[in-house]
Amino acid sequence: MDTIINLSALDTALLISLGIIVTLGILVFFLAGLHRVPKNHAIVINKVGQFHCVYTRGVHFKMPIVYQRAGIYPLSPMVQKYIANNGNHLDVTFQIVDVEKYHKNHITLNDLMKRIEKENSEINFTVLSDKFALFGLKFINITKSPN
């Protein structure tokens with residue numbers, strides 16, 4: 001016994017529409033999970049609100065909804081201005097070297113420098129290097145800048 005399926009033009013159009021919608025849904029889902037990480041940057045990925053991993057340069061895929069981008073950080077040296085307690089204007093050069101540690105302890109340069117000034121009577125290269133390392137940073141240089 002052969003079964004003959006007789007589809008009307010309306011049924012065929014509905015099946016084609018459903019196929020197109022499912023295909024677009026899969027495409028959108030896939031594209032939502034793609035992340036392009038630029039050169040000298042890193043992206044932190046959280047899984048259900050907790051740190052999961054760090055993506056570096058390249059294109060990566062992650063499952064949308066479960067895995068979420070939590071931050072993007074430059075890995076090249078940065079220079080930021082800081083006004084010390086004594087009124088000196090300083091240019092501080094530093095670099096993120098441990099993205100996971102920096103992300104978990106995220107602290108601004110101003111907060112870090114104020115903490116260092118408060119805890120240490122004398123600030124030198126060794127003190128700055130040690131304190132910066134606690135937060136996943138590498139201290140490079142500090143110079144006095146014009147106001």
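Only a predicted model underlies this, so the values are computations on that prediction, with no experimental measurement involved.
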Trainee: Can Q80 and V92 be said to form a side-chain contact (heavy atoms from CB on, under 4.5 Å), step by step?
Mentor: CA-CA 5 Å; Q80 289 188 6; V92 181; 5.5 Å; no

Trainee: Taking the side chain as every heavy atom from C-beta outward, state whether K104 and F135 have any atom pair closer than 4.5 Å.
Mentor: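 No; the side chains remain at least 4.5 Å from each other.
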
Trainee: Which distance, rounded to the nearest 0.5 Å, do you find between the CD1 of I83 and the CG of L90?
Mentor: 9.0 Å

Trainee: Go through the steps for D91 and K81 under the test side-chain contact (heavy atoms from CB on, under 4.5 Å), then give the verdict.
Mentor: CA-CA 5 Å; D91 288 334; K81 297 199 177 295; 3.0 Å; yes

Trainee: So how far is it from H89 NE2 to T143 OG1, rounded to the nearest 0.5 Å?
Mentor: 13.0 Å

Trainee: Answer yes or no: is there a side-chain heavy-atom contact under 4.5 Å between F132 and I116?
Mentor: yes

Trainee: Determine the minimum heavy-atom distance between Q95 and P77, stating which atoms define it.
Mentor: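 In terms of heavy atoms, the two residues are closest at OE1-CG, 3.9 Å.
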
Trainee: Ring centres of Y55 and H35 under 6.0 Å apart?
Mentor: no

Trainee: Nearest 0.5 Å please: distance from the CG atom of N88 over to the CD1 atom of I142.
Mentor: 9.5 Å

Trainee: Report whether L31 and V66 are members of the same hydrophobic cluster (ILVMFWY, side-chain heavy atoms less than 4.5 Å apart, transitive linking).
Mentor: no

Trainee: Might you confirm whether atom CG of L24 has over 12 heavy atoms from other residues, nucleotides or ligands at distances under 6.0 Å?
Mentor: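 Enclosed.
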
Trainee: Hey, mind stepping through H41 and Y73 against side-chain contact (heavy atoms from CB on, under 4.5 Å) and telling me if it holds?
Mentor: CA-CA 6 Å; H41 283 75; Y73 302 104; over 6 Å; no

Trainee: May I ask whether V97 and V127 are part of the same hydrophobic cluster, defined by side-chain heavy atoms of I, L, V, M, F, W, Y residues being less than 4.5 angstrom apart, directly or through others?
Mentor: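 Shared cluster, no.
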
Trainee: Could you tell me whether the side chain of P38 reaches within less than 4.5 Å of the side chain of I72, counting heavy atoms only?
Mentor: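 Heavy-atom side-chain distance check passes, below 4.5 Å.
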
Trainee: Linking I/L/V/M/F/W/Y whenever their side-chain heavy atoms sit closer than 4.5 Å, directly or via other members, would F29 and I26 fall into one cluster?
Mentor: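 No, no single cluster joins them.
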
Trainee: Say whether, by atom type as modelled, one donor and one acceptor occur between the side chain of N105 and the main chain of K101 under 3.5 angstrom.
Mentor: yes

Trainee: Hydrophobic clustering (ILVMFWY, side-chain heavy atoms < 4.5 Å, transitive) - are V44 and F61 grouped together?
Mentor: no

Trainee: Answer yes or no: is there a side-chain heavy-atom contact under 4.5 Å between M78 and F94?
Mentor: yes

Trainee: From I16 CD1 over to I21 CD1, what is the distance, rounded to the nearest 0.5 angstrom?
Mentor: 12.0 Å

Trainee: Side chains of K39 and T56, heavy atoms from C-beta outward: is any pair under 4.5 Å?
Mentor: no

Trainee: Establish whether I45 and V99 are linked, either directly or via other cluster members, by ILVMFWY side-chain heavy-atom contacts under 4.5 Å.
Mentor: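 No, I45 does not connect to V99 through the hydrophobic network.
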
Trainee: Is the shortest side-chain heavy-atom distance between L34 and H60 below 4.5 Å?
Mentor: no

Trainee: Drop me the distance from R57's CZ to I43's CD1, to the nearest 0.5 angstrom.
Mentor: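 Reported value, rounded in 0.5 Å steps: 13.5 Å.
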
Trainee: In a check of side-chain contact (heavy atoms from CB on, under 4.5 Å) between R115 and each of E117, E119, M113, which one passes?
Mentor: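 Filter result, single survivor: E119.
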
Trainee: List the steps, then state whether side-chain contact (heavy atoms from CB on, under 4.5 Å) holds for K131 with T126.
Mentor: CA-CA 9 Å; K131 294 294 182 179; T126 306; over 6 Å; no

Trainee: Quick one: does Y82's side chain get under 4.5 Å of K114's, heavy atoms only?
Mentor: yes

Trainee: Verify, without hydrogens or angle tests, whether E100 (side chain) and C53 (backbone) share a donor-acceptor contact under 3.5 angstrom.
Mentor: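 Judged by distance alone, no pair lies under 3.5 Å.
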
Trainee: Would you check if K138 and T93 make a side-chain contact, meaning some heavy-atom pair closer than 4.5 Å?
Mentor: no

Trainee: Is the number of heavy atoms from other residues, nucleotides or ligands under 6.0 Å of Q50 CD greater than 12?
Mentor: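 No.
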
Trainee: Quick one: CG on L112 to CG on L134, what's the gap to the nearest 0.5 Å?
Mentor: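 Answer for the CG-CG pair, L112 versus L134, is 8.5 Å.
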
